[in-house]
Amino acid sequence: MFSIALAVKRAHDGGMEPKKDEPERIQEKDVRGLKYFDQLGPLLQRLHDVGCQRDVAKNRSLHFDHYCLFTLLFLFNPIVTSLRGLQQASELKNVQKKLGCPRTSLGSLSESVAVFDPERLKEIIAELGGQLEPLGHDPRLKDIRHTVTLVDGTLLAALPSMAEASLRKASTGSGSIKWHLHTHFEVDRYVPTRIDVTRQDGGDSDERAVLERTVESDRLYVMDRGYAKFTLFNRIVAAQSSYVCRVRDNSVYDVVEERPVSGAAQAARVTQDQVVKLGASSKVDARPDHSIRIITIQMEPHRSAGHYGRRGSTGPSCDGFLRIATNLLDVPADIIALLYHYRWTIEIFFRFFKQILGCRHLLSRAQNGIEIQTYCAIIACMLISLWTGKKPTLRTYEMICWYFVGMADLEELLAHIAKLQDQDA
């Protein structure tokens, strides 16, 4: 029991490798709850032959669907904290039977990701997303006709190979590679619907460039000021979507119309509601091609203290006012303020995503491997919502993990889910 508790703590603390003198091998009793993977087998079956084109000898035993099932096992079972742990799990008869996966070697798990296409997982994410019902709609947003989609990015750091690390350290002073997860998160269903993985290299990997390539119709994109770019705003409007985006404190614009601030807006600390003309100093083809409204919201001013500052905020400085740009001309100002306030939901999700679903511990350092793990984590979030009918939370995730390692039985798991439903009722 002590070894299980220790493994759970280690998994939640970031997935550190076990020390040599600690309990080692995964055993049959450590892996339970595999029946919950029953629906995944048929769903992932379409991936079975992905990457087999190079297998001229037709002797590949570890297929893409197997690798995904092993990755999901890693995400849900805190006993399994590494690629070596997955290899050990593959030797268990119960895992082989329930997942339909063969015994595999550490080398196969490590090297096979090079031939798998992570993009194929996006169609499975879309299919699971179609089964999710809204988990709760804020009645104040009833007149918003587009799907409210939060957009932001988070970083994962991974140590590269020794040779590459030495070259990077000599040229940049850093021995790590940072990966940027560009995330689209739906508020109503409380799940990420898209994550694009890029290196943090700028250019085509810049957050605004990535969003320009992935804009969809019928969405309301809520963004922080790192996304403030007129060509991006134009692209969103051209796709028949809308946006709510913070702009910089020093933004320059001409006021076209000054609108009255309602009592409800004042209660939301809105101080100004203006239709403005932005981009007069920009090139003609980079100027906004639609009317823009600026909502100004009062807040506590602060100065940036840098990433490691002990005093003040570690974020950008603020002069005491948030300036929110939007193409929504008829939505009340207090609702615009509410929409921007929802942006913090994605920050909470990132903490859940990285610390709870094991993404601080990468099974692979290759981009393909990181993308596969990322997309499998999205699938894991969707599965929690489908299994429970609730948004994925730390408490529910922990209960599922306890069930998977045999510390909670099925009745206790179902009782936890029923309690959630009673609370909502």
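Only this structure's heavy atoms are used, side chains among them; waters, hydrogens and symmetry mates stay out. Predicted, not measured: the structure shown is a model, and the values here were computed from it.
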Do [X] and [Y] come within less than 4.5 Å of each other through their side chains, counting heavy atoms only?
X	Y	result
I335	D143	no
V151	V222	no
F352	C381	yes
D254	V276	no
E412	W402	no
I370	L363	no
V275	I292	no

Can you tell me if [X] uses its side chain to pair, donor with acceptor, with the backbone of [Y] under 3.5 Å?
X	Y	answer
R46	L43	yes
Q87	T104	yes
T183	L181	yes
T71	Y67	yes
S112	S108	yes
N368	F116	yes
H66	H63	yes

Minimum-distance pair of heavy atoms, taken over all atoms of Y227 and C245: C-SG, 4.1 Å
Heavy-atom closest pair (R246 atom, D224 atom, distance to 0.1 Å) is CD-OD1, 3.6 Å
Full working for side chain to side chain contact (heavy atoms under 4.5 Å, CB included) between E186 and D188: CA-CA 6 Å; E186 284 191 17; D188 281 357; 5.7 Å; no
Between the side chains of [X] and [Y], is a donor N or O closer than 3.5 angstrom to an acceptor N or O?
X	Y	answer
D65	H48	yes
Q131	E127	no
H146	S241	no

From D249 CG over to F321 CZ, what is the distance, rounded to the nearest 0.5 angstrom? 10.0 Å
Could you tell me the separation between the CZ atom of R293 and the CG atom of L278, rounded to the nearest 0.5 Å? 14.0 Å
Any chance CZ of R213 has more than 12 other-residue heavy atoms, nucleotides or ligands included, within less than 6.0 Å? yes
Return yes when atom CD of Q240 has more than 12 non-hydrogen atoms of other residues, nucleotides or ligands closer than 6.0 Å, and no otherwise. no
Before we go on, tell me: are the rings of Y190 and F185 under 6.0 Å apart, centre to centre? yes
Tell me if the aromatic rings of Y243 and Y221 count as close, with their centers under 6.0 Å from one another. no
side-chain contact (heavy atoms from CB on, under 4.5 Å) test vs H184 passes for just one of I195, L211, L150, namely L211
Between K229 and E212, does the salt bridge (Lys or Arg N to Asp or Glu O under 4.0 Å) criterion hold? Intermediate values first, please. CA-CA 10 Å; K229 184 181 179 182; E212 280 194 56; 3.4 Å; yes
So, applying side-chain hydrogen bond (donor to acceptor under 3.5 Å, both in side chains) with H182, which one of T154, T198, D152, D196 is it? T198
